[in-house]
There are 2 protein chains.
Amino acid sequence: MRRPPVNREKVTIAVVAKQAGVSKGLVSFALNDRPGVAAETRARILQVATELGWKPSLRARSLSTQRSFALGFVIARNPDVLASDPFFTSFIAGVESILTDQGRTLVLSVVPDEAREVKTYRSLVADGRVDGVFLSDLRHNDPRIPLLSELGLPAVTLGRPDGDSPFPAVSVDDSPGITASVAHLVTLGHRRIAHVAGNSALLHGSRRREAFAAALRDAGLPEGQTVETDFSMADGSDATRRLLTQDRPPTAIVFANDPMAIAGLGVAHELGIRVPEDLSITGYDDIDFSRYVYPPLTTVSAAPMVWGRAAATTLLALMENGTADDVDLPAARLVIRGSTAPPLNPW
Amino acid sequence: MRRPPVNREKVTIAVVAKQAGVSKGLVSFALNDRPGVAAETRARILQVATELGWKPSLRARSLSTQRSFALGFVIARNPDVLASDPFFTSFIAGVESILTDQGRTLVLSVVPDEAREVKTYRSLVADGRVDGVFLSDLRHNDPRIPLLSELGLPAVTLGRPDGDSPFPAVSVDDSPGITASVAHLVTLGHRRIAHVAGNSALLHGSRRREAFAAALRDAGLPEGQTVETDFSMADGSDATRRLLTQDRPPTAIVFANDPMAIAGLGVAHELGIRVPEDLSITGYDDIDFSRYVYPPLTTVSAAPMVWGRAAATTLLALMENGTADDVDLPAARLVIRGSTAPPLNPW
DNA sequence: CTGAAAGCGCTTACAG
DNA sequence: CTGAAAGCGCTTACAG
């Protein structure tokens, strides 16, 4: 039961042109909405094109326009940290929801270190794989910014870089969430509040740390103990253990992300320290796990899907118009759940 | 301090050919290791190419060879379930570790439902975006298999499908891990063991469920209570609550994945049921969280990175040779941690 | 407003 | 073993 051998000919722009009685160039103009095609001619061409079921070849367009109609996302993280951080998955889901309708695709690269990262950007450009990229996990004086700028690859940064940047930034301010967390703890009566910070080489790591320090100052409290980590659960666990096994442990800990807060919760349980009675804990990101651990985590909710959409929209606009404004997304907000309460021994 | 205006000319195959004193065709042959080029000529051509820093244009190759040098991965999952499942991220990291050195990239699509899924595969093919795809989350009589087969797109399935399939399968048997979990619980003295199963529309969901039932039978135990879920933490939480608030609750629960087990752990804590004293819990996947919750989770470890590598290797081999053998990866193994213990009230 | 032609940068029969 | 030419399927100045 094979199909009848009707029109085995592949339908290209040439057959559309012939069928419509015009030149290939005109078909191209009509397709791309370029001026200089009589409305009537245009309509006829498009009509013929749909009848024939013609879809312009992406590959041919790519070659002649020197574009790939794809966007890139290079993630340089140790796979463990990456896997336990649902942020990226949600962010990507947001990006995809925009790209799909634009006929664009996402090229994803996961690389183990910075050397690979540079190589990846270079070959993405050399091969013309992408027309623009998302820059996440911004670092201090991020070397990727001059790199991409030199390579001429449009980009959008997730958050505002600390140095000069020719690229639009789509940001969610890190401070308000941390500030609100500290304020919440202070209101509950906590005075000895510690911070399990993220990697300070990363902008959001150090910004959360600074916001923490500033919030304590504003509350008139002495400097809080701060332990730096690489954002991993392993480090978060170690840091918590160190904090809790000292002579005068903190009554509350502000964690720089949820996975570490959850690891910290585990350590507290293990040490027989009750949360929230003996110890209050706050996280950051509001990942799904936070709601389901016990006690459910008080944390900061940043809406990564929305972020992904905004970043994609901005990057597309940048590529379309050559310029795009910075976008400031609503600040992340504190979600109060069961892991925070007044301290039993307020001093 | 601008560069001297040496050779602003873009180096293409034509300039390499001219420089080497041969035709473009010959350069192409030399580059692609095709027979019919004198060894000496070949060497000279390659020499000139490196001197000039020539890199063949991927776009041009794509157009003439009708290939994209990219692989695709379409994930159809509700974003919540996806985000809390580190499996994919690790799997992808494994895939990338293979692709990078092959000059291939990964095109990732995250789609919300099956309708979008089909559209995505079709447009990936129509646009020639990918040369092959990974098929995960296999379903019963998976419609994607005939679809891809009809579209002529090479694929590798993660796990063995239940129907006919023209594609190689790269599998990790689901049964041994579940069997080992049940055996472990039975050895500890448990008799009332329940199962929080995954989505039975998914092959791994129903296979784990069947393995669970079979393991109970083998142990000479009566049928265990089984609650079906969609693999989400929300469902896992509900299911656990239902199981634990009955008259004669189980003394152990085997969860179909780790996020649900962790949600179940939270519910037990909340209900004042001690784990592992009053209730033993096992998970599946050994995600990073499992090690850091309290008590740490007894679970089944499946090495998703390794799986990703094997799947990528197999898909590349399939595309290279037109055929590739099935691969059976080592069975996932049980990792015993603190969430399982003998029941306090063995009956 | 429209056509014919060259160009994007490779690969691949086809001759020799 | 090698060369010249056509082809992949579009886009884009350039003429008219």
Side-chain angles (χ1 to χ4, degrees), chain A residues 7-46 48-49 52-70 103 123 125-129 131 319, chain B residues 7-46 48-49 52-70 103 123 125-129 131 319:
Chain A
N7 189 5
R8 294 329 294 137
E9 184 186 14
K10 186 168 186 195
V11 27
T12 68
I13 198 173
V15 352
V16 173
K18 185 152 82 173
Q19 190 81 356
V22 298
S23 69
K24 296 191 298 173
L26 208 56
V27 175
S28 176
F29 271 51
L31 175 75
N32 295 307
D33 274 323
R34 311 236 320 207
V37 187
E40 199 179 327
T41 314
R42 211 182 108 70
R44 179 161 44 90
I45 292 174
L46 262 23
V48 171
L52 262 40
W54 176 62
K55 240 196 129 243
S57 153
L58 186 76
R59 285 201 264 252
R61 296 184 80 184
S62 284
L63 181 58
S64 51
T65 63
Q66 307 284 38
R67 291 191 296 159
S68 62
F69 304 96
S123 70
V125 169
D127 289 344
R129 291 278 195 183
D131 301 324
M319 288 162 27
Chain B
N7 190 4
R8 295 327 296 137
E9 183 186 16
K10 187 170 185 194
V11 28
T12 68
I13 197 173
V15 353
V16 174
K18 185 151 84 174
Q19 190 79 357
V22 298
S23 70
K24 297 192 297 174
L26 208 56
V27 175
S28 176
F29 271 52
L31 174 73
N32 294 308
D33 274 323
R34 313 234 321 204
V37 186
E40 200 180 328
T41 313
R42 212 183 107 69
R44 179 161 44 90
I45 292 174
L46 262 24
V48 170
L52 263 39
W54 176 61
K55 242 198 126 241
S57 153
L58 186 76
R59 286 201 263 252
R61 295 185 81 184
S62 285
L63 181 58
S64 51
T65 63
Q66 307 284 37
R67 290 190 297 159
S68 62
F69 304 96
S123 69
V125 170
D127 289 345
R129 291 277 195 182
D131 301 324
M319 289 163 26

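Note that the coordinates shown come from a computational prediction; the quantities given were computed from them, not determined experimentally. Chain letters run A, B, ... following the sequence lines, proteins first and then strands; every chain starts at 1.
D:dG16 is paired with C:dC1 under the Watson-Crick or G-U wobble criterion, all donor-acceptor distances under 3.5 Å.
Non-hydrogen atoms lying under 4.0 Å from DNA chain D are contributed by B:L63, B:S64, B:Q66, all within residues 56-70 of chain B.
The residue B:V22 sits close only to the backbone: its heavy atoms come under 4.0 Å of sugar-phosphate atoms, none of a base.
Across A:S68 and B:R129, no two heavy atoms sit closer than the pair O-NH1, 3.1 Å.
Taking the side chain as every heavy atom from C-beta outward, A:I13 and A:S28 approach each other to under 4.5 Å. Contact check for B:L31 versus B:W54: side-chain heavy atoms found under the 4.5 Å cut-off. A:T12 has its side chain within reach of A:V15: a pair of non-hydrogen atoms, C-beta onward, lies under 4.5 Å apart.
For B:R34 and A:V37, each mapped to the nucleotide of DNA chain C holding its nearest heavy atom, the one lying further toward the 5' end belongs to A:V37. Position along DNA chain D of the nearest nucleotide to A:I13 versus B:F29 favours B:F29 as the more 5'-ward residue.
Taking every nucleotide of DNA chain C with any atom under 4.0 Å from a non-hydrogen atom of chain A, the first and last of them, 5' to 3', are C:dC1 to C:dG9.
With rounding to the nearest 0.5 Å, the separation of OG in A:S64 from CZ in B:R59 is 10.0 Å. Interatomic distance, CG of A:L26 versus CD1 of A:I45, reported as 4.0 Å (0.5 Å rounding).
The backbone N or O of B:A20 sits less than 3.5 Å from a side-chain atom of B:R44, completing a donor-acceptor pair. Judged by distance alone, the side chain of A:T65 and the main-chain N or O of A:R61 form a donor-acceptor pair under 3.5 Å.
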